[in-house]
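Values reported hereafter were calculated over all heavy atoms of this structure, with side chains retained and with hydrogens, waters and symmetry mates removed.
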Amino acid sequence: MKVFYTKTYNVWNDNTRKHDIVAQAAKKLDYDEVSLFKFNDTYDSDDELHVRMQGITAAVSSDSIVIFQYPSMVSARYDSFVMEHLKNTCGAKVAVFVEDLGSRIAPSDYKQLSDEIDLFNKADLLIVQSTEMELYLKENGLKEKPLLYQRVWDYPYDFCLEELEIDKKVEKIHDISIQHMLDLKKAGLALSTTTDRENKYGLMINPFETGFCICAGIPVIVPEQTNIADFVSRYGIGFVMSDDENADDVLNRISDEDIEKAQEQEKKLAPAVAGGVFTKLLLQEVICCIIDDICLI
C-alpha cells in the first residue's frame, strides 16, 4: 500500500501555506506527492484535461490511499477531474482534507457550493476543520461518511521573536508578518480571527495563526463555540471567551500570572507544533480509518 498527498504549485496565499504544512508532515511519514499545478484550465478541452490527469496520477494504483488537499486552488472543474481519476481511473481510496471552501476564497473558479459537496460525497473519508463545518456541509447535502477533525494548524517554520515586556492588552490577529507578530508579542494577547459570532464561516475554520502564536509565545483568546477552543483549554495556551463576554471582559478577569502560565504552556507545546506533530498524527489517523473501513468485518 502506497500513500500519497496532493500539493498545488504556482500559487501563493494562505492555502498554499496550508498545503506546505501538510506536505512537510507527509514527507516525514514517507508519503509520496501527487503534484498539481495552477493554470488556466479553461484552455484545455475535457479530453486534454483527461490526458493531463493521466500523467499527474500515473503513480497511483488501486491499492493506494491519497490525501487530497482541497481546494487545489485551480478550479472546481480541475478538482473534479482530479477526483474522477483518483477514484475511477486509479481505483484509489481518497481522503479529502477540506482546508477551506473554494466557493468562499475563489468564487470565480469555484462558483457553486453544490459542486464542492458533490466532490466531498465521492470521498472515502473527509477531514474537516470543526463540527460547525460538518454541520454546514450536511445542511447543504453532504452524505454520512467517515470524518476526522483537525486539531490545530502546526507551524513548522523557523523564526525568532525577541522577548518583550508586555503591555497586557489585546490585539486582533490580521496577518502573520513578523512585524505584526512583534506587535502581538508586545501587546501580550492575540485575539483570534474567529471572534465574529455572526460569521458562520469564521466559526467553521481553524484559525491558521494559532500555531504561529504558540511558537511565538503569544497566548490566544478564542470564542468557546469554536473547534479550537477545546484545544486552547486542554493545553492551557490561552483563554476561552464565553458567549456573553467580549475581549475586554476576558482581559479584566485574567491576571499577569495567568498570562505567564499560558506562555509557559506554549513553551512546552511549541516543539510539537514546530515539528508538525499534530499534522502527522492526523495523517496517520487517516490511514487507520481507511484501513478499518476496508478490513473490519
* Any side-chain heavy-atom pair of F4 and I67 under 4.5 Å -> no
* Regarding Q24 and K27, is there a side-chain donor-to-acceptor distance under 3.5 Å anywhere? -> no
* Is atom CZ of R234 surrounded by more than 12 heavy atoms (other residues, nucleotides or ligands) closer than 6.0 Å? -> no
* N140 side chain vs Y136 backbone, donor-acceptor pair below 3.5 Å -> yes
* Asked: Distance from E48 atom CD to H50 atom NE2, nearest 0.5 Å?
  -> 11.5 Å
* **Cation-pi geometry met for R52 and F81 (6.0 Å, 45°)** => no
* Just by distance, with hydrogens left out, do E33 and Y5 show a side-chain donor and acceptor under 3.5 Å apart? -> yes
* Report yes or no: do S255 and D258 form a side-chain donor-acceptor pair below 3.5 Å? => yes
* What are the two closest heavy atoms between P107 and I105, and how far apart are they? -> CD-C, 3.6 Å
* Steps toward side-chain contact (heavy atoms from CB on, under 4.5 Å) verdict (L142, E139) -> CA-CA 7 Å; L142 180 68; E139 287 170 1; over 6 Å; no
* Asked: Considering all heavy atoms of both residues, which atom of P219 and which atom of G238 are nearest to each other, and what is their separation?
  -> CB-CA, 4.3 Å
* Within the distance-only criterion (no hydrogens, no angle test), does the side chain of K18 pair as donor or acceptor with the backbone N or O of E99 below 3.5 angstrom? -> yes
* Structure fact -> Here the gap from S103 atom OG to D109 atom CG, rounded to the nearest 0.5 Å, amounts to 11.5 Å
* **Verdict with reasoning, E84 to M53, per side-chain contact (heavy atoms from CB on, under 4.5 Å)** => CA-CA 9 Å; E84 179 181 343; M53 292 299 159; over 6 Å; no
* For the pair S233 (side chain) and D230 (backbone), establish whether a donor and an acceptor sit closer than 3.5 Å, ignoring hydrogens and angles. => no
* Would a hydrophobic clustering, with Ile, Leu, Val, Met, Phe, Trp and Tyr connected at side-chain separations under 4.5 Å, put F39 with Y110? -> yes
* Can you list every pair that meets salt bridge (Lys or Arg N to Asp or Glu O under 4.0 Å) and has a residue in residues 121-137, with sequence neighbours left out? -> K87-D124, K93-D124, E134-K138
* Using atom types as modelled and distance alone, determine if a side-chain donor or acceptor of N10 lies under 3.5 Å from a backbone N or O of F37. => no
* In plain terms, say whether D256 and K261 are close enough for a salt bridge, that is, a side-chain N and a carboxylate O under 4.0 Å apart. => no
* Going by heavy atoms in the side chains, are T16 and T8 under 4.5 Å from each other? -> no
* Can you name the nearest heavy-atom pair linking F239 to A262, along with the distance? -> CZ-CB, 4.2 Å
* Structure fact -> Heavy-atom closest pair (E285 atom, R151 atom, distance to 0.1 Å) is OE2-NH2, 2.8 Å
* Of all the heavy-atom pairs spanning S75 and D41, show the shortest one and how long it is. => OG-OD1, 3.0 Å
* Asked: To the nearest 0.5 Å, what is the distance between NZ (K143) and CG (L137)?
  -> 14.5 Å
* Asked: Same cluster or not: are Y31 and I291 linked, directly or through other Ile, Leu, Val, Met, Phe, Trp or Tyr residues, by side-chain heavy atoms under 4.5 angstrom apart?
  -> yes
* Structure fact -> Test side chain to side chain contact (heavy atoms under 4.5 Å, CB included), reference V96, set L119, N121, I127, output is L119
* So, is the end of the R17 side chain (NZ or CZ) under 6.0 Å from the ring centre of Y157 and within 45° of the ring's axis? -> yes
* To do: Using a 4.5 Å cut-off on heavy atoms from C-beta on, say whether the side chain of D46 contacts that of L49.
  => no
* **Straight-line distance of E245 CD to L251 CG, nearest 0.5 Å** => 11.0 Å
* From CA spacing to verdict: salt bridge (Lys or Arg N to Asp or Glu O under 4.0 Å), R253, D248 -> CA-CA 9 Å; R253 69 171 164 83; D248 288 337; over 6 Å; no
* Asked: Within a strict 4.5 Å, meaning less than it, do heavy atoms of the V22 and W153 side chains meet?
  -> yes
* Asked: Can F97 be reached from M73 by stepping across I, L, V, M, F, W or Y side chains whose heavy atoms are under 4.5 Å apart?
  -> no
* Asked: Could you go step by step and tell me if I214 and F231 meet the side-chain contact (heavy atoms from CB on, under 4.5 Å) rule?
  -> CA-CA 12 Å; I214 292 169; F231 186 91; 4.0 Å; yes
* **Close side-chain approach of L189 and I254, heavy atoms under 4.5 Å** => yes
* Taking atom types as modelled and ignoring hydrogens, do the side chains of E116 and Y70 form a donor-acceptor contact shorter than 3.5 angstrom? -> yes
* Asked: If you take all heavy atoms of Q129 and N227, which pair is closest and at what distance?
  -> O-ND2, 3.0 Å
* **SB check K2 D63 (cutoff 4.0 Å)** => no
* Asked: Does any non-hydrogen side-chain atom of T89 lie less than 4.5 Å from one of Q54?
  -> no
* Asked: Do V74 and L36 come within less than 4.5 Å of each other through their side chains, counting heavy atoms only?
  -> no
* **Y149-F68 co-clustered via ILVMFWY side chain contacts under 4.5 Å** => yes
* Structure fact -> One should read off an interatomic distance between L147 CG and K145 NZ, to the nearest 0.5 angstrom, of 8.0 Å
* Asked: D47 and S45: side-chain donor and acceptor closer than 3.5 Å?
  -> no
* Between the side chain of Q265 and the main-chain N/O of I237, is any donor-acceptor distance below 3.5 Å? -> no
* Return yes if some donor-acceptor pair links the side-chain N/O of N206 with the main-chain N/O of Q150 below 3.5 Å, else return no. => yes
* Does the side chain of L126 come within less than 4.5 Å of P146's, by heavy atoms? -> no
* Identify whether L125 and M1 are in the same connected component of the hydrophobic contact network (ILVMFWY, side-chain heavy atoms under 4.5 Å). => yes
* Is the side chain of Q69 donor-acceptor paired with the backbone N or O of T6 at a distance under 3.5 Å, no angle test? -> yes
* Answer with yes or no whether the side chains of Y78 and D44 bring together a donor and an acceptor at under 3.5 Å. => no
* Asked: Distance from Q225 atom CD to S242 atom OG, nearest 0.5 Å?
  -> 9.5 Å
* So T57 and V66, side-chain contact (heavy atoms from CB on, under 4.5 Å) or not? Walk me through it. -> CA-CA 10 Å; T57 62; V66 182; over 6 Å; no
* Asked: Is it true that D100 and R104 make a salt bridge, defined as a side-chain N closer than 4.0 Å to a carboxylate O?
  -> yes
